[in-house]
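Note: hydrogens, waters and symmetry copies are ignored here, and every other heavy atom, side chains too, is used. Just so we're on the same page: letters track the sequence lines, and every chain starts at 1.
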Amino acid sequence: MADRKKRGRLSRSGDFDRVYRDGRSHANRYLVLYAFPRAEQEGADGVRLGISVSRKVGGAVERNAVKRALREAFWELDERLAPDHDFVIVARPDSAGLVEREGTKGVRVALAELLAESGPQAA
RNA sequence: ACCGCUGGCUAUGCAGUCGCGGGGGAGGUGAAAACCCCUCGAGGAAAGUCCGGACACCACAGGGCGCGGGCGGUGGGUAACGCCCACCCGGGGAAACCCGCGGGAAAGUGCCACAGAAACACACGGCCGAUGGCGCGCCAACACGUGAGGCGCGCACAGGCAAAGGUGAAAGGGUGCGGUAAGAGCGCACCGGCGCUGCGGUGACGCGGCGGCCAGGCAAACCCCGCCCGGUGCAAGGCCAAGCAGGAUCGACGACCCGGCCCGGGGAGAUCCAGGUGGGCUGCGGGGCGAAAGCCCCGCCGGAGCCUAGGCCCGGCGAGAAGGAUGGCUGCACCCGACAGAAUCCGGCUUACAGGCCAGCUACGGAA
RNA sequence: GCCGCUAUCGUCUAGGGGACUAGGACGCCGCCCUCUCACGGCGGAAACCCGGGUUCGAAUCCCGGUAGCGGUG
């Protein structure tokens with residue numbers, strides 16, 4: 001963790017739309033991962049993350065828990081992330097049970113699986 | 001108090017490290033950003049969005065009607081409330097205590113299925129035959145005629161009755177005694193209800209006296225009475241920036257707006273289609289001094305009192321995101337941690353909840 | 001966030017205090033018809049979102065929950 005970058009995040013609705021529309025997606029039972037390489041002329045802000053957790057996942061407490069677990073798991077895996085990409089992680093309803101049972105570790109395993117699929121193309 | 005009841009408090013904690021959001025910054029590298037440092041960072045319900053307000057815009061939010069909506073024992077409290085406190089009444093409990101949408105059914109309308117004779121004012125079966133009627137016998141009367149009147153028995157024709165029976169959620173006071181042809185508040189005693197009245201209480205109401213028995217239930221059915229109520233909601237609203245392309249209809253003979261109607265008023269734009277943008281600041285969470293610890297002022301909430309009724313005293317709180325922060329890891333401790341995440345703010349209500357702590361009250365029974 | 005609406009068989013629905021034992025259509029199951037299937041005929045199973053309250057009586061009225069859906073920059 002020598003050069004710890006700032007944890008960038010997506011803040012514009014248009015950013016989300018672009019990642020959904022033009023990014024690559026991979027999914028398993030718990031999560032959907034979208035990845036989109038930003039063009040060079042844009043500022044090199046590094047990796048940015050957006051998280052989407054719908055109300056079907058659970059109440060506010062469960063949704064917050066899922067978001068926090070996803071954020072932590074994502075940045076723990078930052079060495080495997082393609083640089084200057086925008087990522088969006090969508091939590092599926094089953095993810096609430098995963099977080100409750102296995103915590104951040106379980107989420108990290110599920111997320112690493114998706115990154116392994118997307119890795120070759122993104123690199 | 002082990003099992004009961006009431007009120008209040010608390011809501012895993014500590015240390016290290018990495019990270020996230022807001023605010024500030026003496027000094028250091030910087031033009032700035034950033035690094036770095038300091039500080040603050042979810043709840044008692046933040047929840048459901050059920051009430052009441054504040055605030056904002058609609059006109060300055062006005063008058064009448066009450067179409068419409070809400071509330072409902074009494075007296076206080078409060079900015080206000082459907083909330084809180086005390087009391088009254090009714091119900092439950094052995095008690096502590098708990099529960100109650102708790103005005104009016106003699107203003108009117110409506111409903112009360114099935115059963116039952118009858119569901120608001122009735123008589124199926126039944127009881128009675130005092131009174132009147134009819135029949136028979138006897139007396140009056142020694143015999144004949146007449147047969148008034150009287151007595152007894154019978155019939156159940158007129159009529160009287162609502163106690164006991166059956167139906168039902170409910171048949172209109174209840175129990176007992178008297179009374180009667182049979183009965184009945186018909187009379188009486190007690191109880192219950194109602195009316196009048198005396199006393200006590202601010203009042204709901206309570207206690208007593210007298211009268212008389214007239215009054216089925218449902219108003220979370222319409223309704224009546226009393227009180228209250230403009231609409232929309234921070235995605236309200238204000239400011240700035242960027243961008244596009246206009247067209248149709250209506251309109252000072254008043255479009256449109258002020259929830260409905262009327263009055264009264266504002267008023268130059270209104271509606272629809274097409275096109276463009278979908279960014280920022282503010283509303284939004286107190287201020288001052290200080291590098292910081294901290295101190296002072298301000299505001300809100302809670303508590304016990306004091307006095308010129310507004311303050312004084314003590315304690316606590318003051319988070320403010322905008323794809324939306326409050327978390328990850330490691331270690332230690334214990335009874336192994338419930339319900340649950342701020343979104344304009346405040347006062348309530350309701351609902352969810354593992355436990356732990358404190359104070360007070362009650363003593364029928366069970367266990368020991 | 002704010003403001004609303006709805007809930008009845010598997011699905012769409014009727015019913016708005018009383019034999020409602022909740023009706024109908026499609027679907028499902030069984031039997032008949034047919035060589036078989038379809039169509040048709042007969043029969044059957046199957047529901048008032050949950051918990052309280054008012055009432056003699058609640059799917060219906062009232063209160064509180066739950067779930068689903070919609071509007072709003």
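Judged as a side-chain hydrogen bond (donor to acceptor under 3.5 Å, both in side chains), the pairs with a partner in residues 100-112 of chain A (not counting sequence neighbours) are, in order, A/E76-A/R108.
The distance between atom CG of A/L111 and atom C1' of B/G328, rounded to the nearest whole Å, is 15 Å. In this structure, the CH2 atom of A/W75 is 18 Å from the P atom of B/C329, given to the nearest Å. Distance A/E72 CD to B/C18 C1': 9 Å, rounded to the nearest Å. The nearest whole Å value for the distance from the CD atom in A/E79 to the C1' atom in B/C18 is 15 Å. A straight line from CG of A/N64 to P of B/G327 spans 9 Å, rounded to a whole angstrom. One can place CG of A/L77 at 13 Å from C1' of B/G328, the figure rounded to the nearest angstrom. Nucleotide B/A47 holds its P atom 15 Å from the CD atom of A/E62, rounded to whole Å. Atom CD in A/E102 sits about 17 Å away from atom C1' in B/G328, given to the nearest Å.
The partner of C/C48 is absent, by the rule that a Watson-Crick or G-U pair needs both atom distances under 3.5 Å. The nucleotide B/C250 finds its pairing partner in B/G269, both defining distances of the Watson-Crick or G-U wobble pair being shorter than 3.5 Å. Checking B/C227 for Watson-Crick or G-U wobble geometry (two distances, each under 3.5 Å) identifies B/G70 as its partner. Here B/C199 sits opposite B/G206 as a Watson-Crick or G-U wobble pair (both hydrogen-bonding atom distances under 3.5 Å). Both distances falling under 3.5 Å, in either a Watson-Crick or a G-U wobble arrangement, place B/U17 opposite B/G328. Both distances falling under 3.5 Å, in either a Watson-Crick or a G-U wobble arrangement, occur for no nucleotide opposite C/U60. Shown here, B/G75 forms a base pair with B/C85; the pair counts as Watson-Crick or G-U wobble because both key distances fall under 3.5 Å.
Listed nucleotides: B/G328, B/U326, B/G19. Nearest to the side chain of A/R71: B/U326.
Taking A/F16 as the reference, nothing meets the ring-ring contact (aromatic ring centres under 6.0 Å, His included) condition, with sequence neighbours excluded. Every residue meeting the salt bridge (Lys or Arg N to Asp or Glu O under 4.0 Å) condition with A/D94, not counting sequence neighbours, appears here in chain and number order: A/R29. Applying the ring-ring contact (aromatic ring centres under 6.0 Å, His included) criterion to A/Y30, with sequence neighbours excluded, gives no partner residue.
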Between A/S52 and A/Y20, does the side chain to side chain contact (heavy atoms under 4.5 Å, CB included) criterion hold? Intermediate values first, please.
CA-CA 11 Å; A/S52 173; A/Y20 284 138; 3.8 Å; yes
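A/R68 contributes a side-chain N or O that forms a donor-acceptor pair with the base of B/G341 under 3.5 Å.
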Set out, line by line, the N/O atom pairs under 3.5 Å between protein and nucleotides 321-323 of chain B.
from, atom 1, to, atom 2, distance (Å)
B/G323, O2', A/L10, O, 2.3

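With RNA chain B read from its 5' end, the first of the two nearest nucleotides for A/A60 and A/T104 is the one closest to A/T104.
Within the 3.5 Å criterion, the main-chain N or O of A/L114 finds no donor-acceptor partner in the side chain of A/E117.
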Contacts table for residues 64-72 of chain A: side-chain donor-acceptor under 3.5 angstrom, sequence neighbours left out:
from, atom 1, to, atom 2, distance (Å)
A/N64, ND2, A/A60, O, 3.4

